[in-house]
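A quick note: this is a predicted structure, and the numbers were derived from the prediction, not measured. Reckoned from all heavy atoms, side chains included, excluding hydrogens, waters and symmetry mates.
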Amino acid sequence: MAKPPAKSISPWLVSTEWLASRLRSPDLIAVDGSFYLPAQKRDAAAEYKEGHIPGAVRFDIDAIADHSSPLPHMLPSAFDFAMAVGELGISERETVVIYDGVGLFSAPRVWWTFRLFGAEHVFILDGGLPKWKAEGRPLERGTVSRGRRHFITRTPADIVATLANVQQALKTEAAQVIDARPAERFRGEAPEPRPGVRPGHIPGSLNVPSSSLVENGRLLPAARLREVFAANGVDLDKPVIASCGSGVSAATLWLALDALGKPPAQLYDGSWSEWGARSDLPAATGAK
């Protein structure tokens with residue numbers, strides 16, 4: 001299937017019209033990548049069964065993860081990823097369109113993961129399921145089962161930052177560490193959603209809440225994105241390491257920077273879930 005025309009701010013966003021006209025294509029797969037924080041009090045699995053885009057399979061970031069890690073939904077190995085998405089009926093050759101139930105929250109994380117492991121034709125539904133529903137488009141109940149496919153992964157690029165990478169970047173000022181969590185969590189004024197994780201942020205990091213990059217479930221226009229980054233002290237000409245609470249909303253940051261032609265150098269998968277749980281590491285509070 002040909003690559004969708006770039007009509008939005010990002011070449012990785014496709015319209016509901018584009019998806020609706022191609023749902024029956026044998027080489028296109030819709031993927032429900034919904035994930036919700038505990039405070040949102042939503043059940044992604046139950047909502048998928050109640051109504052999803054016809055033919056969509058569900059990608060569970062908690063299930064397709066590194067279960068040997070104590071941290072939440074860390075990236076799986078290439079082998080485990082290939083096995084899991086192969087079971088979903090996805091190969092690296094299909095066109096994959098990912099959406100979520102918020103509009104633009106967890107879908108970028110699933111998009112980023114697919115691309116990390118070698119999928120080239122993977123996109124995000126602009127406006128997600130809310131826009132699809134608002135337009136009165138069809139939904140399907142239950143679950144979808146597809147025949148097993150073989151997903152061939154590639155050796156991932158060096159875009160996954162470790163804690164040591166983050167420490168070195170801050171020490172040498174080689175990259176800006178940008179935290180996509182809400183401002184009140186960054187400042188340490190709101191509790192973290194995970195037990196054992198301190199309030200606050202990585203000293204020296206900047207805060208660009210992922211919600212400030214999105215409006216009505218859609219990525220802001222380029223000019224407004226630049227304004228948001230500038231207002232939060234980000235130099236778009238310097239390398240960035242994207243971070244957040246557990247590596248999910250950091251991918252929205254990635255998508256936004258990529259749309260401006262400035263994709264981050266790396267994404268810190270452990271993010272504040274790792275750093276904030278370590279009593280031997282410093283934590284800062286306040287706006288800086």
Side-chain angles (χ1 to χ4, degrees), residues 16 19-20 23 28-77 80-91 94 96-117 119 122-135 137-149 151 192-195 197 210-211 214 217 244-252 255 269 271 273:
T16 50
L19 178 60
L23 269 184
L28 182 144
I29 302 172
V31 174
D32 187 319
S34 300
F35 163 81
Y36 304 111
L37 294 171
Q40 293 172 292
K41 296 181 180 179
R42 295 178 64 174
D43 186 329
E47 290 187 20
Y48 167 78
K49 290 180 181 179
E50 280 297 310
H52 54 263
I53 291 176
V57 296
R58 179 170 180 259
F59 186 104
D60 182 348
I61 68 170
D62 283 321
I64 305 175
D66 178 5
H67 297 291
S68 68
S69 172
L71 301 172
H73 40 255
M74 292 295 97
L75 285 167
S77 67
D80 287 344
F81 177 84
M83 291 296 291
V85 297
E87 288 290 343
L88 292 177
I90 303 172
S91 79
E94 272 99 18
V96 178
V97 179
I98 302 157
Y99 69 88
D100 66 50
V102 173
L104 194 67
F105 176 60
S106 55
R109 168 68 182 204
V110 181
W111 162 81
W112 181 83
T113 303
F114 266 91
R115 288 187 55 76
L116 173 72
F117 288 118
V122 56
F123 304 93
I124 297 169
L125 182 63
D126 193 8
L129 191 60
K131 189 171 187 293
W132 182 273
K133 286 181 175 180
E135 294 167 349
R137 300 188 186 276
L139 294 174
E140 180 179 64
R141 293 170 63 92
T143 59
V144 173
S145 179
R146 295 172 52 89
R148 175 163 179 76
R149 301 298 297 271
F151 190 103
E192 286 298 302
R194 297 173 183 86
V197 179
S210 60
S211 60
V214 177
C244 60
S246 59
V248 176
S249 58
T252 301
L255 180 69
D269 200 26
S271 287
S273 288

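- In this structure, CD1 in I64 is found 9.0 Å from OG1 in T113, a value given to the nearest 0.5 Å.
- Considering CD1 of I124 and CH2 of W111, their distance stands at 5.5 Å, rounded to 0.5 Å.
- Residues L28 and F123 are not in side-chain contact: their nearest non-hydrogen atoms beyond the backbone lie 4.5 Å or more apart.
- Of the possible polar contacts, none joining the Y48 side chain to the S34 backbone as a donor-acceptor pair under 3.5 Å is found.
- A distance of 12.0 Å separates CZ of R137 from CG of L129, quoted to the nearest 0.5 Å.
- Between D32 and K49 no salt bridge is recorded (no basic side-chain N to carboxylate O distance below 4.0 Å).
- The closest side-chain heavy-atom distance from R149 to I90 is not below 4.5 Å.
- Atom-to-atom distance recorded for L88:CG and R148:CZ is 9.5 Å, nearest 0.5 angstrom.
- D66 contributes atom CG, which lies 9.0 Å from atom CG of L71 (distance to the nearest 0.5 angstrom).
- Here the closest heavy-atom approach between residue T16 and residue D126 is recorded as CG2-O, 4.1 Å.
- Two residues are said to be in side-chain contact when any heavy atoms from C-beta on lie closer than 4.5 Å; V97 and I53 fail this criterion.
- Between F81 and F114, the distance separating the two ring centers is shorter than 6.0 angstrom.
- Closest non-hydrogen pair, E94 versus I29, comes out as CG-CD1, 3.9 Å.
- Contact check for S246 versus R194: side-chain heavy atoms found under the 4.5 Å cut-off.
- In terms of heavy-atom proximity, M74 sits nearest to D269 at CE-O, 3.0 Å.
- Taking every heavy atom of both residues into account, G55 and E140 meet most closely at N-OE1, 2.9 Å.
- Here the side chains of V96 and V110 are not in contact, with every heavy-atom distance at 4.5 Å or above.
- No donor-acceptor distance shorter than 3.5 angstrom exists from the side chain of W132 to the backbone of G127, with no hydrogens or angles considered.
- Scanning both residues, V122 and R115, for their nearest heavy atoms gives CG1-CG, 3.2 Å.
- Checked by atom type and distance alone, the side chain of S77 pairs as donor or acceptor with a backbone atom of D80 at under 3.5 Å.
- Between P54 and V144 there is no side-chain heavy-atom pair separated by less than 4.5 Å.
- For the pair E47 (side chain) and A44 (backbone), a donor-acceptor distance under 3.5 Å is absent.
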I'd like to know whether V31 forms a side-chain contact (heavy atoms from CB on, under 4.5 Å) with V85, so could you lay out the CA-CA distance, the side-chain angles of the two residues, the decisive distance to 0.1 Å, and finally the verdict. CA-CA 10 Å; V31 174; V85 297; over 6 Å; no
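- Between L75 and R109 the shortest side-chain heavy-atom distance falls below 4.5 Å.
- R58 is not listed as a side-chain neighbour of H52, based on a closest heavy-atom distance of 4.5 Å or more.
- Taking both residues in full, the closest heavy atoms of V102 and P130 are given as O-CG, 3.4 Å, listed atom of the first, atom of the second, then distance.
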